[in-house]
Amino acid sequence: MNASNPETFADLGLHPKLLAALTALGYEEPTPIQREAIPLLLNGRDVLGQAATGTGKTAAFALPILHQLPEGRRGGRPAALVLVPTRELCVQVSEALHRYGKGRDARVLPIYGGQPIYRQLRELKNGVDVVVATPGRALDHVQRGTLNLDSVSTVVLDEADEMLDMGFADDLEGILSAAPKKRQTVLFSATMPSRISKIARTYLSEPVRVEIEREQVAAGESPRVKQSAYIVPRSHKPAALGRILDVESPTAALVFCRTRAEVEFLAESLIGRGYRAEALHGGMDQKQRDRVMNRLRSEKADLIVATDVAARGLDIEQLTHVVNYDVPSAPESYVHRIGRVGRGGREGVAITLAEPREHRQLKTIERVTKNKIAVQKVPTVADLHARRLEATRAALEDILIAGDLGHVGVVVESLTDEYDVIEVAMAAVKLAHEAVAGPSDEDEIPEAAASSESDTGRGKDKSRGKGAPSARGGQKDRPRSSSGGTARVYVGAGRTGGVRPQDLVGAIAGETRLTGRDIGAIEITDRFSLVEVPADSVDEVVSALRATRIKGQKVQVRPDRDAPSASRPLSRSSSKPPPKSGGKSSPKSVSKSSSKSSGKAASRPRAGG
Ligand code: AMP
């Protein structure tokens, strides 16, 4: 046990049932943010953590919460409340708590809009240990008296900057004032603008600040390593990696994964693709590891798929490529990993696969290492074909150089009696190509955009938060729909009810599957508002908004009776009359990222929540 310098989860003094869960999940060691935050949280301190998705921040607050749950029978009221900006994150965090806390019989309840409320009421009545909720729905339950916070000893504000951007400040205030004064409060945020510091000053008590960006890495430490990244949705990662490797053709590559389970899975998947891949992780004994290394050194294997722990200290002379299958949890880890190539004056390649939400962590790595990581497009089926044709061409050229073709000349001669020699050559190339390249039945991998907040450079844009209106109405701001069309939703509350664009964006993104990127123009008049959404999501948006409150009020919500707006976009100067109530107020159309009336602005919520 090494409590002052924890290297393992056991060093952190976590409950044995939690240690068992982490081992079963294949987590080999704590990430830097976990190493710093967990001891503080176990000591009851308030923590202000700067960490983005990909750093392991969820386990950093989840494990102490689960550790502190009392043994034996527990009361019905929750001991911890985790607030998150979106429904998607709500599900994700609940699942993580459930996975880690199974052995501790943790009762975890996600609470978000769009889900039948009676189910939430039933679960709350049955008793829960941890509630994970979006602020709108949590406040709704608090006000109804169905969520009692009297027993809450820990409150977590996860992705606090997102929650503020989405207009949840008032809801947070309402919830926190209903929670006991004597409690532990934890705030995690990817950025630390002054409004987050203000929240921290108001709601946290002598917090310890934890961040993973402190250690500056010497600039240009790995100049000979070509660094690139691909933004890929999780479900497409194995296929994307296979395709990238096909195009890159590494002589020898080391692929880093986070967990043992991921190592095993990916090695299998690459073997299925025809690679000679070997798994290497901390669950293997020294003999097994030596065998893997020998296979790579003797060129019997092309790829090693490994965890950080297993790859520590490995020095592989012929390595040409390092691949981060996930974004590393800290910049230092990135530097250590890519330092395996580009040694001794040779050139190396470092490739990182990031999920759209992890784009911010990639930016942090760029900033700390002062190295540019070029974001590339995943090779298309056409790129792959071109690469394979090139390989066939090179193989044929080798045969031409080697000569010794006399024995097949008779075939060419007999065919050229009837066919053109070029045609004969093409047929031969086709035959050779199909034999070498195999069947080409690959589907395209959808292009994933980085999540919106990183595109907009949140945290850098000083004008945001001051109500700077943004250009609107172009394709960029149009909501997405699988059918391509958009439609508008009528919300019976407007400026006089204090409604701002961010309230509408927050309510929709928090209560439905849509994200800020899916929401188009927002028009707010004195008495009502119109929100443009994908046509095929209108019903979902209407029922979700009917079930929730906007600015604490139940409001009338229905599809706008006018024609779908795809053909007639809302415009800033729109003078369209109100749809039904016929109020005299002239509608003001604003971007969802601006609000003149409030003097505040919401930046666009991240894609994928
Ligand atoms: P988060 O930053 O909380 O979204 O976590 C990012 C990913 O890292 C999730 O898939 C976690 O399951 C995984 N993860 C978190 N902590 C660890 C760890 N110590 N070792 C391996 N994987 C981890």
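For the numbers below, each heavy atom of this structure counts, side chains included, while hydrogens, waters and symmetry mates do not.
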Tell me, do [X] and [Y] make a side-chain contact under 4.5 Å, heavy atoms counted?
X: H281; Y: M284; result: yes
X: L172; Y: L157; result: yes
X: L314; Y: R340; result: yes
X: F265; Y: P238; result: yes
X: L245; Y: D302; result: no
X: K198; Y: R201; result: yes
X: E248; Y: I351; result: yes
X: L280; Y: L254; result: no

Query - salt bridge (charged side-chain N to carboxylate O under 4.0 Å, His left out) between R258 and E29, intermediate numbers included - result: CA-CA 10 Å; R258 282 188 183 126; E29 60 178 3; over 6 Å; no
Query raised in the report: Got a sec: does the NE2 of H98 have more than 12 other heavy atoms crowding it under 6.0 Å?
Result: no
I'd like to know if the side chain of [X] and the backbone of [Y] have a donor-acceptor N/O pair within less than 3.5 Å.
X: R104; Y: H67; answer: yes
X: D46; Y: T185; answer: yes
X: Q361; Y: S329; answer: yes
X: S189; Y: Q50; answer: no
X: E36; Y: V210; answer: no
X: K226; Y: G348; answer: no
X: S537; Y: E540; answer: no
X: R360; Y: A52; answer: no
X: T23; Y: L19; answer: yes
X: D11; Y: T8; answer: yes

Report task. Would you sort out whether V108 and D129 count as a side-chain contact (heavy atoms from CB on, under 4.5 Å), showing the intermediate values? Result -> CA-CA 6 Å; V108 182; D129 297 313; over 6 Å; no
Report task. Apply salt bridge (charged side-chain N to carboxylate O under 4.0 Å, His left out) to R357 and E159, showing your working. Result -> CA-CA 12 Å; R357 283 170 53 83; E159 306 206 349; 3.0 Å; yes
Reported [atom1]-to-[atom2] distance for the pair [X] and [Y], which is rounded to 0.5 angstrom:
X: L12; Y: L63; atom1: CG; atom2: CG; result: 8.5 Å
X: I244; Y: H321; atom1: CD1; atom2: NE2; result: 10.5 Å
X: L81; Y: L83; atom1: CG; atom2: CG; result: 4.0 Å
X: T486; Y: D518; atom1: OG1; atom2: CG; result: 12.0 Å
X: R224; Y: I338; atom1: CZ; atom2: CD1; result: 13.5 Å
X: L41; Y: Q68; atom1: CG; atom2: CD; result: 7.5 Å

What I want to check is whether the side chains of [X] and [Y] have a donor and an acceptor closer together than 3.5 Å.
X: R45; Y: Q184; result: no
X: E95; Y: Y100; result: no
X: T307; Y: E28; result: yes
X: T53; Y: E358; result: no

Could [X] and [Y] be called an ion pair, given the rule that one side-chain N must be under 4.0 Å from one carboxylate O?
X: R195; Y: D161; result: no
X: E7; Y: R35; result: no
X: R273; Y: D246; result: yes

Report task. Show your reasoning for whether side-chain contact (heavy atoms from CB on, under 4.5 Å) applies to L353 and N324. Result -> CA-CA 6 Å; L353 266 55; N324 298 305; over 6 Å; no
For a quick test of reading the model, state the closest non-hydrogen atom pair linking [X] to [Y] and the distance between them.
X: E278; Y: A267; result: C-CB, 4.4 Å
X: P135; Y: I175; result: O-CD1, 3.5 Å
X: Y275; Y: G242; result: OH-O, 4.1 Å
X: L187; Y: M192; result: CD2-CE, 4.5 Å
X: R99; Y: A21; result: O-CB, 4.1 Å
X: L66; Y: A106; result: CD2-CB, 3.5 Å

Query - Worked check of side-chain contact (heavy atoms from CB on, under 4.5 Å) between L164 and I196 - result: CA-CA 8 Å; L164 292 192; I196 292 287; 3.8 Å; yes
**Report entry** K377 to Y230, cation-pi by 6.0 Å centre distance and 45° axis angle
**Finding:** no
Requested in this report: Kindly indicate, with the supporting measurements, whether the criterion side-chain contact (heavy atoms from CB on, under 4.5 Å) is fulfilled by V232 and V378.
Outcome: CA-CA 8 Å; V232 188; V378 175; 3.8 Å; yes
Query raised in the report: Do the rings of F188 and F61 sit parallel, tilted or perpendicular, given the 30° and 60° boundaries?
Result: tilted
